[in-house]
Undergrad: 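Would you mind keeping the following structure in view while I ask a few things?
Below, read A as the first sequence line, B as the second, and so on, with proteins coming before strands; counting in each chain starts at 1. These numbers come from the heavy atoms of this one structure, side chains and all, not from hydrogens, waters or symmetry mates.
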2 protein chains.
Amino acid sequence: MKEGPDIAQIGALIGDPARANMLTALMGGKALTATELAGTAGITLQTASSHLSKLEAGGLISQRKQGRHRYFALADDDVGLLLESLMGFAAHRGFTRHRTGPKDPALRKARVCYNHLAGDYGVRMLDSLVAEEVITGAGDDLSLTDTGAEKMTALGIDLSALTRSRRPVCRTCLDWSERRSHLAGSLGQALLTLFLDKGWARRETDSRAVRFTGTGEKEFAKLFPLPA
Amino acid sequence: MKEGPDIAQIGALIGDPARANMLTALMGGKALTATELAGTAGITLQTASSHLSKLEAGGLISQRKQGRHRYFALADDDVGLLLESLMGFAAHRGFTRHRTGPKDPALRKARVCYNHLAGDYGVRMLDSLVAEEVITGAGDDLSLTDTGAEKMTALGIDLSALTRSRRPVCRTCLDWSERRSHLAGSLGQALLTLFLDKGWARRETDSRAVRFTGTGEKEFAKLFPLPA
DNA sequence: TTCATACTTCGATGCTAACCGAAGCATCGA
DNA sequence: TCGATGCTTCGGTTAGCATCGAAGTATGAA
């Protein structure tokens with residue numbers, strides 16, 4: 001008896017408020033130091049260190065030493081997807097950490113989901129990519145079409161680099177605000193990077209929100225037209 | 001600051017071993033009494049009662065009084081999907097409640113995922129439905145085609161009853177053993193019910209495993225051929 | 001009415017884990 | 001070499017919560 005995976009351990013890891021705050025902060029995609037994470041969680045450095053080692057032992061985060069700093073980040077895409085789906089569930093049930101603040105609309109419009117674009121814009125982008133037949137497939141098995149590959153290359157995305165890695169190129173991620181899928185995977189990451197590199201959008205400091213510039217809005221609308 | 005949904009509360013709810021065991025038991029799809037749940041969790045009735053009221057307050061389960069029994073079940077499909085995705089994550093990281101037992105192969109082949117079919121057979125079924133163009137759509141936005149609707153009706157499924165409810169007809173659910181999607185939603189539920197009603201398969205007692213009969217295997221293979 | 005079953009509530013206990021102060025290690029700059 | 005910064009480890013405290021015994025409520029059967 002007691003067959004199957006043990007969800008209690010992961011639940012307990014995420015279930016502590018301090019750890020949950022750290023993980024949510026790391027959903028911003030940036031690697032953060034222990035001091036920064038302690039700050040966002042509102043705890044001392046010692047306590048944060050203890051939490052971080054637990055999260056690392058559980059495989060949720062990974063650390064990278066750089067000089068006298070230690071940068072922590074989510075271990076991989078799977079962790080990001082799991083956290084986003086948890087957020088979707090929580091948001092739908094009314095579990096919010098604070099009454100919805102002024103930043104909320106910006107977050108719902110466009111935000112970083114670990115390493116790709118989420119929110120209304122993220123969902124619209126996937127919709128458009130599917131309508132334009134850049135991406136096909138049902139369920140979670142998305143794949144890039146031949147014409148899609150051409151279009152992405154024309155945008156300046158190095159597809160050979162994406163396919164070389166073991167990570168899936170296209171994945172779906174359940175959006176917590178829209179309750180629909182947006183594009184994750186290495187292609188999703190590459191597209192967000194593209195937007196930021198071209199100056200079409202920029203990240204807000206201390207928030208997951210992504211703010212598009214005027215030309216960014218236009219280019220985005222041109223690249224990803226809404227299906228009629 | 002501290003924008004966004006609060007994942008800590010849900011994590012804490014799932015994070016207790018006793019509660020996690022109860023939830024996993026309820027993933028079998030059958031409504032269970034407090035006494036039964038206390039048994040599977042290995043705790044006394046009082047403790048179980050306390051846990052159950054917490055889970056209900058958190059919106060994870062719902063109860064239905066019937067005579068002097070109280071039957072508990074997962075609150076809705078969303079809870080099932082969340083738990084399954086948590087299990088997928090846990091299984092992938094090696095969080096198992098016991099070393100993989102003899103029941104494990106049967107579970108991986110075919111099992112109940114709250115109210116629909118999961119495991120190898122569940123994934124194969126969705127693959128086939130997509131290949132046969134019964135279901136189309138990318139990402140999580142699946143929909144039934146016209147020819148698909150005819151086929152389902154021919155099988156004896158009352159589609160009008162399915163569409164009448166507010167629940168989505170087709171949804172994807174990430175399979176923890178296969179790490180690919182299978183079919184959830186009211187159609188997924190109707191199909192599992194069909195298999196059981198026709199005697200093609202039956203549920204094992206005290207397990208999520210589903211065992212197909214000889215004719216059941218044949219009918220299943222005929223209805224859902226593997227894409228070439 | 002009376003007893004039995006199913007479950008909840010109350011109260012007390014005990015254990016775990018989050019927390020912080022203080023001290024210890026590692027890295028960098030001067 | 002020395003101090004400063006960033007982080008970990010250790011030890012002790014505290015608070016929360018899971019747990020169970022005992023008593024209370026509801027439903028059904030005799």
Side-chain angles (χ1 to χ4, degrees), chain A residues 2 6-26 30-75 95 97, chain B residues 2 6-26 30-75 95 97:
Chain A
K2 299 282 174 290
D6 186 8
I7 56 177
Q9 297 185 48
I10 301 168
L13 275 177
I14 302 175
D16 180 79
R19 285 194 291 263
N21 282 334
M22 293 184 178
L23 290 171
T24 322
L26 290 175
K30 279 191 264 199
L32 300 172
T33 66
T35 315
E36 289 169 321
L37 288 168
T40 58
I43 50 180
T44 61
L45 196 53
Q46 312 91 284
T47 312
S49 179
S50 157
H51 283 309
L52 288 170
S53 63
K54 280 173 194 171
L55 287 173
E56 195 182 10
L60 295 188
I61 63 172
S62 59
Q63 64 167 298
R64 186 165 37 95
K65 290 181 74 166
Q66 203 164 90
R68 57 179 153 182
H69 293 274
R70 293 196 185 192
Y71 286 99
F72 293 88
L74 298 188
F95 289 111
R97 293 191 290 176
Chain B
K2 299 283 175 290
D6 184 9
I7 55 176
Q9 297 185 48
I10 302 167
L13 276 177
I14 303 176
D16 180 80
R19 284 195 290 263
N21 282 333
M22 294 182 177
L23 290 171
T24 323
L26 290 175
K30 280 191 264 199
L32 300 172
T33 65
T35 315
E36 289 169 322
L37 288 168
T40 59
I43 50 179
T44 62
L45 196 54
Q46 312 91 286
T47 312
S49 179
S50 156
H51 284 309
L52 288 170
S53 64
K54 280 174 193 170
L55 287 173
E56 195 181 11
L60 295 188
I61 62 172
S62 60
Q63 63 167 299
R64 185 165 38 93
K65 289 181 74 167
Q66 204 164 90
R68 59 180 153 183
H69 292 275
R70 293 196 184 190
Y71 286 99
F72 293 89
L74 299 187
F95 289 111
R97 294 191 290 175

Undergrad: I'd like to check A/Arg97 versus A/Asn21 (side-chain heavy atoms, cut-off strictly below 4.5 Å). Are they in contact?
TA: yes

Undergrad: Hey, could you give me the CD/CD distance between A/Glu56 and A/Gln63, rounded to the nearest 0.5 Å?
TA: 4.5 Å

Undergrad: Could you tell me which residues satisfy side chain to side chain donor-acceptor pair (under 3.5 Å) with B/Asp6, sequence neighbours excluded, listed by chain and number?
TA: B/Gln9

Undergrad: Can you tell me how far apart OG1 (A/Thr24) and CD1 (A/Ile14) are? Round to the nearest 0.5 Å.
TA: 9.5 Å

Undergrad: Starting at CG of A/Leu74, measure out to CG of A/Leu26 and round the result to the nearest 0.5 Å.
TA: 5.0 Å

Undergrad: Backbone N or O of A/Leu13 within a donor-acceptor pair of the A/Arg19 side chain at under 3.5 Å?
TA: yes

Undergrad: For A/Arg68 and B/Ile43, take the nucleotide of DNA chain D holding the closest heavy atom to each; which residue's nucleotide lies nearer the 5' end?
TA: A/Arg68

Undergrad: Hey, where does DNA chain C pair up into stems, meaning at least three consecutive Watson-Crick or G-U pairs with distances under 3.5 Å?
TA: C:1-30 with D:1-30

Undergrad: Heavy atoms of chain B, cut-off under 4.0 Å: which first and last nucleotide of DNA chain C, 5' to 3', fall inside that, if you could look?
TA: C/dA4 to C/dT9

Undergrad: Taking only residues two or more places apart in sequence, or in another chain, which ones meet B/Ala12 in a side chain to side chain contact (heavy atoms under 4.5 Å, CB included)?
TA: none

Undergrad: With the side chain counted from C-beta on, respond yes when A/Ile43 and A/Met22 share a heavy-atom pair under 4.5 Å apart, and no when they do not.
TA: yes

Undergrad: Taking only residues two or more places apart in sequence, or in another chain, which ones meet B/Ser50 in a side chain to side chain contact (heavy atoms under 4.5 Å, CB included)?
TA: B/Lys54

Undergrad: Rounded off to whole Å, could you give me the NE2-to-P distance for the A/His69 and D/dT8 pair?
TA: 13 Å

Undergrad: Identify whether any heavy atom of B/Ala48 sits under 4.0 Å from a base atom; if not, whether one sits that close to sugar-phosphate; answer base, sugar-phosphate or nothing.
TA: nothing

Undergrad: Could you state the CG-C1' distance from A/Leu45 to D/dC10, rounded to the nearest angstrom?
TA: 15 Å

Undergrad: Expected output is a numbered-order residue list: members of residues 50-66 of chain A with a heavy atom under 4.0 Å from any atom of DNA chain D. What is it?
TA: none

Undergrad: Would you compute the distance between atom CD1 of A/Ile61 and atom CG of A/Leu37 and round it to the nearest 0.5 angstrom?
TA: 7.5 Å

Undergrad: With nearest nucleotide decided by heavy atoms, which residue, A/Arg70 or A/Ala12, maps closer to the 5′ end of DNA chain C?
TA: A/Ala12

Undergrad: To the nearest Å, give me how far apart CD (A/Gln46) and C1' (D/dT14) are.
TA: 16 Å

